[in-house]
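Here's a structure for you.
Reckoned from all heavy atoms, side chains included, excluding hydrogens, waters and symmetry mates.
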Amino acid sequence: MFSPIRSRVRTAALALSAVAALAFGTTATTGAAASPAPAPAPGPAPAKQGPTSVAYVEVNNNSMLNVGKYALADGGGNVFDIAVIFAANINYDTGTKAAYLHFNENVRRVLDNAATEIRPLQQKGIKVVLSVLGNHQGAGFANFPTQQAASAFARQLSDTVAEYGLDGIDFDDEYAEYGRNGTGQPNDSSFVHLVTALRANMPDKVISLYNIGPAASRLSYGGVDLSSKFDYAWNPYYGSWQVPRIALPKSDLSPAAVEIGRTSQSTAADLARRTVSEGYGVYLTYNLDGADRSADVSAFTRQLYGSDAIRTP
């Protein structure tokens, strides 16, 4: 039996706050007159056929550039199609009683150095998405008290995507500690209002769901079903198989999830084989680091793409 306990490093939750909280409408991590980043040049078309591969990177410890170092031995296409910056936080200002977007020093470093940390991946055709995670302060995606509050946070997210030239946002509803600092408990409307507003703000960007927490079980409200507003959803339990309960086509779901270097190569291969045989279109990986993981990566690329993976230092 697979364990549902994940080993993510959570130092993001303990980082010193370096941003001011804003109650409405603007990103708490950017200046009031920040200009959108220029759109990166389109990357080359992926030279492979098969499921979309996703790599979460703990930027407190590892470089985003590691994602671009892996290619398929047969054909040379990128192993990974989506790189996820893990993670920004949803914080809470007890004075204004509002949630705001926070970057710890390591996430800030990646974003401020987008030219060298993000653009090289995008130029290879790899999309770069920012994950947002709770931070033990009571604020979460599932407890915005009003539609206006949810929309204000959605604006902070979409402003950040525009400013730094990112490809989208990933929602990870963990560690919020709902109720702390006098915040409310999860409600049925909050996440629906948030994602609806975010999709309206950025209709052509990626919105993905790490399928965990109160938000993931509150996808419908007032006749609105969020399923079609997401591009992807994935299983959050590494080393296991679990189909996300969201009305997306198989092509947009990852029931498989592996932690590179911790999930055994045989399990990673079995999950990849099942992904292909059952017709799912996404394969999720976590914690790609700077070591040579070509053996671990090849374990699943052989099943997904019929090729070993090679790493360029």
If the condition is ring pair (Phe, Tyr, Trp, His ring centres under 6.0 Å), which residues does Tyr70 pass it with, not counting sequence neighbours?
none
State, yes or no, whether a side-chain contact exists between Gln242 and Pro236 at a heavy-atom distance under 4.5 Å.
yes
Quick one: do the Asp170 and Tyr56 side chains pair a donor with an acceptor below 3.5 Å?
yes
For Val282 and Val54, run side chain to side chain contact (heavy atoms under 4.5 Å, CB included): C-alpha distance rounded to whole Å, both residues' side-chain angles, the deciding distance at 0.1 Å, then the answer.
CA-CA 7 Å; Val282 188; Val54 181; 3.8 Å; yes
For side chain to side chain contact (heavy atoms under 4.5 Å, CB included), just list the numbers for Lys69 and Asn66, CA-CA rounded to whole Å, side-chain angles, deciding distance to a tenth of an Å, and then say yes or no.
CA-CA 5 Å; Lys69 293 181 178 181; Asn66 293 327; 3.6 Å; yes
Gap between atom OG1 of Thr160 and atom CG of Leu130 - 0.5 Å precision
7.0 Å
What pairs of donor and acceptor atoms, side-chain ones from residues 305-313 against any protein atom, are under 3.5 angstrom apart with sequence neighbours left out?
from, atom 1, to, atom 2, distance (Å)
Tyr305, OH, Lys48, NZ, 3.1
Tyr305, OH, Pro51, O, 2.5
Tyr305, OH, Ser53, OG, 2.5
Ser307, OG, Ala73, N, 3.1
Ser307, OG, Asp74, N, 2.9
Asp308, OD1, Arg302, NE, 2.5
Asp308, OD1, Arg302, NH2, 3.3
Arg311, NH2, Gly290, O, 2.9

For Ser158 versus Asn201, what's the shortest heavy-atom pair and its separation?
OG-ND2, 3.2 Å
Test log, rule side chain to side chain contact (heavy atoms under 4.5 Å, CB included), inputs Asp289 and Asn61
CA-CA 8 Å; Asp289 59 19; Asn61 307 303; over 6 Å; no
Check: Arg274 and Trp241 side chains under 4.5 Å, non-hydrogen atoms
yes
Heavy-atom closest pair (Ile246 atom, Ser227 atom, distance to 0.1 Å) is CG1-OG, 3.5 Å
Would Val243 end up clustered with Leu304 when hydrophobic side chains under 4.5 Å apart are linked, directly or stepwise?
yes
Is the shortest side-chain heavy-atom distance between Val107 and Asn89 below 4.5 Å?
no
Does Tyr232 use its side chain to pair, donor to acceptor, with the backbone of Ser208 at less than 3.5 Å?
no
Check whether any side-chain N or O of Arg218 sits under 3.5 Å from a backbone N or O of Pro214 as a donor-acceptor pair, and report yes or no.
yes
Measure the shortest side-chain to side-chain distance between Tyr221 and Thr196 over non-hydrogen atoms and say whether it is less than 4.5 angstrom.
no
Looking at CG of Asp204 and CG of Asp167, how far apart are the two atoms once the value is rounded to the nearest 0.5 Å?
11.5 Å
Could you give me the CA-CA distance, side-chain angles and deciding distance for Ile207 and Met202, then say whether side chain to side chain contact (heavy atoms under 4.5 Å, CB included) is met?
CA-CA 9 Å; Ile207 303 178; Met202 44 182 233; 3.8 Å; yes
Can you tell me how far apart CD (Glu58) and CZ (Phe86) are? Round to the nearest 0.5 Å.
5.0 Å
Are the side chain of Asn235 and the backbone of Ala256 linked by a donor-acceptor contact shorter than 3.5 Å?
no
If we only count heavy atoms from C-beta on, is the Asn135 to Tyr175 side-chain gap below 4.5 Å?
no
Residue of the set Val79, Asn62, Ile260 for which side chain to side chain contact (heavy atoms under 4.5 Å, CB included) holds with Leu288
Ile260
Separation of Asn60 CG from Arg109 CZ (nearest 0.5 Å)
8.5 Å
Do Tyr237 and Leu284 share a hydrophobic cluster, counting only Ile, Leu, Val, Met, Phe, Trp and Tyr and linking them when any side-chain heavy atoms are less than 4.5 Å apart?
yes
With side chains defined as the heavy atoms from C-beta onward, is the minimum distance between Met64 and Val59 less than 4.5 Å?
yes
Does any non-hydrogen side-chain atom of Leu219 lie less than 4.5 Å from one of Phe191?
yes
Only counting residues at least two apart or in another chain, list the ones meeting ring pair (Phe, Tyr, Trp, His ring centres under 6.0 Å) with Phe141.
Phe171
Heavy-atom closest pair (Val84 atom, Ser131 atom, distance to 0.1 Å) is CG1-CB, 3.6 Å
Val110, Thr116, Leu111 screened by side chain to side chain contact (heavy atoms under 4.5 Å, CB included) with Asn113, the one that passes
Thr116
Electrostatic pair Arg199:Asp231 at N-O distance under 4.0 angstrom
yes
CZ (Arg273) and CZ (Phe300) are apart, to the nearest 0.5 Å, by 14.0 Å
Do you know the tightest heavy-atom contact between Tyr283 and Thr275?
CD1-OG1, 3.8 Å
Okay, side chain of Lys97, backbone of Gly182: is any donor-acceptor separation there less than 3.5 Å?
no
Checking Asn211 side chain against Pro244 main chain: does a donor-acceptor pair fall under 3.5 Å?
no
So for atom NZ, which belongs to Lys127, do other residues, nucleotides or ligands contribute more than 12 heavy atoms lying within a distance under 6.0 Å?
no
Rounded at 0.5 Å granularity, tell me how far CG in Asn143 sits from CG in Asp173.
8.5 Å
With distance as the sole test, does Asn91 use its side chain to make a donor-acceptor pair with the main-chain N or O of Gln137 at under 3.5 Å?
no
Indicate whether the side chain of Tyr286 and that of Trp234 have a donor and an acceptor atom separated by less than 3.5 Å.
no
Closest heavy-atom pair, Gly134 versus Ile90, reported as atoms and distance to 0.1 Å, is CA-CG2, 3.8 Å
Can you check whether Arg262's main-chain N or O pairs, donor with acceptor, with Tyr238's side chain at less than 3.5 Å?
no
With heavy-atom distances below 4.5 Å as the criterion, would you say the side chains of Gln303 and Val276 are in contact?
no
Using every non-hydrogen atom in the two residues, find where Leu248 and Phe230 come nearest and quote the distance to one decimal.
CD2-O, 3.5 Å
Establish, from distance only, whether the side-chain atoms of Asn181 and Thr183 form a donor-acceptor pair under 3.5 Å.
no
Short question: side chain of Asn187, backbone of Ser189 - any donor-acceptor pair under 3.5 Å?
yes
